[in-house]
Amino acid sequence: MALSTQPYKGARDFYPEDKRLQKYMFGTIRKVVERFGYEEYDAPVLEPLDLYLAKTGDEIVNEQTYAFEDRGGRKVAIRPEMTPTVSRMVAAKRQELGYPLRWYSIPNLWRYERPQRGRLREHWQLNVDVFGLDTMLAEMELIQISDAILKDFGATHDMYTIKVNSRKLMDFIMKDYLKLSDVQIHMASKLIDRMHKLPLAEFEAEAESIMTPTQRDNGTANKLIGLLKIKQIHHLPEVIREHESAKEVKKLIDMLHEARVTNVVFDITIMRGFDYYTGIVFEMFDNDPDNNRAMMGGGRYDGLVGLFGVEPVPTVGFGWGDVTLQNFLEGHNLLPALRTETDIYAVLVGDVYDSAIKVINELREMGANVAVDLTGRKMDKQIKTAVKKNIHYAVFIGEKEIKDELYKLRNLTTGIEERHSASRIVSIVKDYRDEDL
RNA sequence: GCGGAUGUAGCUCAGUUGGUUAGAGCGCUGGAUUGUGGCUCCGGAGGCCGUGGGUUCGACCCCCAUCAUUCGCCCCA
């Protein structure tokens, strides 16, 4: 049986052109995030399994985490998300870090599940977190960052929508206003999370099924559904509207609009899967109906650092997967044609290696990226190789060039050839490299 | 974990109601062309028809299983 050449299920090989795209995406992200004063960190891919058991629902840890036992009998997980790790790191140096702390990372994460569009087993996820700020100015900043990232990729506000809600607000509505029990709140949250996927009648039936007989008598399900249809904070009933959490959401949205992030809306159905969120939650959606899923999501989780036995640190963060980002950029035609890193393909004419390599190294020392053919093949084969690799320039080095110290530089797109000194060639090539992007 | 779709050359795909040695375009490769790619012409390599079983005189084709890819469900970090 021959070995398979396929990558592991749900994981991707990055051939040079794929890696180039990844480098472009991550490079753009880093540039924007660092512009806001965030610092990059990283951590091991492996963590003790306990780290995830402490904070997440059982099902996710048991069924969707890659876990194994190491040779010392320790239970180990391949990280399925970064939030527990970064919380651990902050907790470990709780006293000595300077707050507010602004950190980001682009880790690769693994989840064991069936691959589908926008969801693979291995993906890279931008994580941006602020530690030590307890007002919604932190949420404000993170949403501005996510908006700035897409702006830097060339996206416009008609292409995506940022939806904001508050866990505190939902807790108030479900617990105090609708008088649901903790179990009911949990079930209702899951249901609300997939509201847009269900036909209204089915949603109503499921909402009804959560309720006790008394609640059915006083129409609690209908009240809930009525609230979920509301699109504006000022349309909420007054007791809710006047609650501190509703005011906070409203203030956040107003401030973002003021800051020209005009595509932020209130959406009462945004819940987020995890229980650890404690305040504002938000998600970003592609407006293209063919790619209509959340590509970025986050919120406030003030309790996580405290799980490590230190004073809690208020925290807001978001995660953004590379697959969903790439789908978005492809869907809106925002990916530029990326060039190879190689500036020059050196074609050797005749048996000139010994003297040609001196010139080539000179070009390299002056900053050009040069690949040499080295095969001794006929020139047409050497040129074809350069073209196939999408290298923009070929330089011909033969006895004549070596003697004159002038080398023939061929632009492989236009076919134009000129003789230049080595230093001139390097400056031409660098000009081309810096042309746009 | 559940359901649908699809597996034929490196890629995109044909392949007649089940009938000999399995096809095209592109790509790859050699030459025409001993200091110059794309155009043209001539040659060449490359297939256990995803895999295993079954039905049949005979299977790329029909049936079963399995694996893989993909879209959706569940779930969502």
Side-chain angles (χ1 to χ4, degrees), chain A residues 1-2 4-10 12 47 51-52 55-66 77-87 107-127 189-191 193-194 197-198 270-277 283 290-299 301 304 317-324 345 347-352 373 376-402 407-417 419:
Chain A
M1 195 65 182
S4 169
T5 56
Q6 282 176 342
Y8 175 73
K9 188 184 187 71
R12 293 161 287 169
E47 289 280 4
L51 184 64
Y52 306 104
K55 50 132 286 208
T56 318
D58 281 340
E59 183 187 347
I60 284 172
V61 171
N62 293 334
E63 294 180 13
Q64 297 198 3
T65 299
Y66 280 85
I78 304 177
R79 61 186 176 197
E81 58 163 332
M82 203 57 173
T83 304
T85 298
V86 71
S87 301
N108 58 330
L109 308 174
W110 288 81
R111 52 192 166 195
Y112 191 83
E113 66 175 347
R114 193 118 172 205
Q116 55 186 290
R117 178 174 166 80
R119 285 178 76 76
L120 300 175
R121 287 184 171 183
E122 184 191 36
H123 73 138
W124 275 255
Q125 187 190 61
L126 169 67
N127 276 253
S189 300
K190 298 283 174 193
L191 183 59
D193 207 28
R194 55 198 183 96
K197 287 185 178 181
L198 296 173
I270 297 295
M271 294 299 292
R272 307 285 302 148
F274 279 149
D275 293 335
Y276 58 64
Y277 288 108
E283 293 186 354
D290 292 338
N291 192 37
N292 191 20
R293 60 177 75 217
M295 50 175 165
M296 175 282 280
Y301 53 101
L304 229 44
F318 69 76
W320 193 340
D322 67 325
V323 183
T324 49
Y345 197 74
V347 173
L348 303 193
V349 185
D351 187 17
V352 294
D373 190 79
R377 289 175 299 181
K378 288 195 278 191
M379 290 180 64
D380 60 332
K381 300 295 176 204
Q382 299 191 40
I383 294 169
K384 273 187 177 174
T385 302
V387 170
K388 182 162 190 174
K389 291 175 186 296
N390 274 312
I391 298 171
H392 194 64
Y393 288 104
V395 65
F396 298 93
I397 307 178
E399 279 173 23
K400 185 160 182 265
E401 284 81 1
I402 291 164
Y407 311 93
K408 202 188 274 175
L409 183 71
R410 182 182 178 92
N411 180 320
L412 290 170
T413 307
T414 63
I416 292 168
E417 290 183 358
R419 290 180 175 274

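Just so it is clear: chains get the letters A, B, ... in the order the sequence lines come, proteins before strands, and each one is counted from 1. Keep in mind that the numbers below use all heavy atoms, side chains included, and drop hydrogens, waters and symmetry copies.
- For R272(A), the side-chain atoms get nearest to rA77(B) when compared with the rest of rC75(B), rA77(B), rU36(B).
- For Q382(A) (side chain) and L348(A) (main-chain N/O), a donor-acceptor pair under 3.5 Å exists by modelled atom type.
- Base pairing in RNA chain B gives the following stems of 3 or more Watson-Crick or G-U pairs, range against range and under 3.5 Å: B:1-7 with B:67-73, B:10-13 with B:23-26, B:28-32 with B:40-44, B:50-54 with B:62-66.
- Side chain K9(A) to base rU69(B): no donor-acceptor pair is found below 3.5 Å.
- Residue Q6(A) places no side-chain atom within donor-acceptor reach of the base of rU69(B), judged by atom type and a 3.5 Å distance cut-off alone.
- Closest to the side chain of R114(A), from the set rG1(B), rC74(B), rG35(B), is rG1(B).
- In the set rC75(B), rA77(B), rG37(B), rC75(B) carries the atom at the smallest distance from any side-chain atom of E113(A).
- The ring-ring contact (aromatic ring centres under 6.0 Å, His included) check on H123(A) picks up nothing, with sequence neighbours excluded.
- The shortest distance between the side-chain N/O atoms of K378(A) and the OP1/OP2 oxygens of rG37(B) is not below 4.0 Å.
- In the set rG30(B), rG35(B), rA77(B), rG35(B) carries the atom at the smallest distance from any side-chain atom of V349(A).
- Residue-to-nucleotide contacts include a donor-acceptor pair under 3.5 Å from the side chain of E401(A) to the base of rG35(B).
- Between R419(A) and E401(A) there is a salt bridge, since at least one side-chain N of the basic residue sits less than 4.0 Å from a carboxylate O of the acidic one.
- Counting any heavy atom pair closer than 4.0 Å across all strands shown, Q125(A) reaches sugar-phosphate atoms only and no base atom.
- The R119(A) side chain lies nearest to rC76(B) when the options are rC76(B), rC28(B), rG37(B).
- Sequence order on RNA chain B of the closest nucleotides to Y112(A) and H123(A) puts Y112(A) first from the 5' end.
- Of the candidate nucleotides rU36(B), rG72(B), rC75(B), rG72(B) has the atom lying nearest to any side-chain atom of R117(A).
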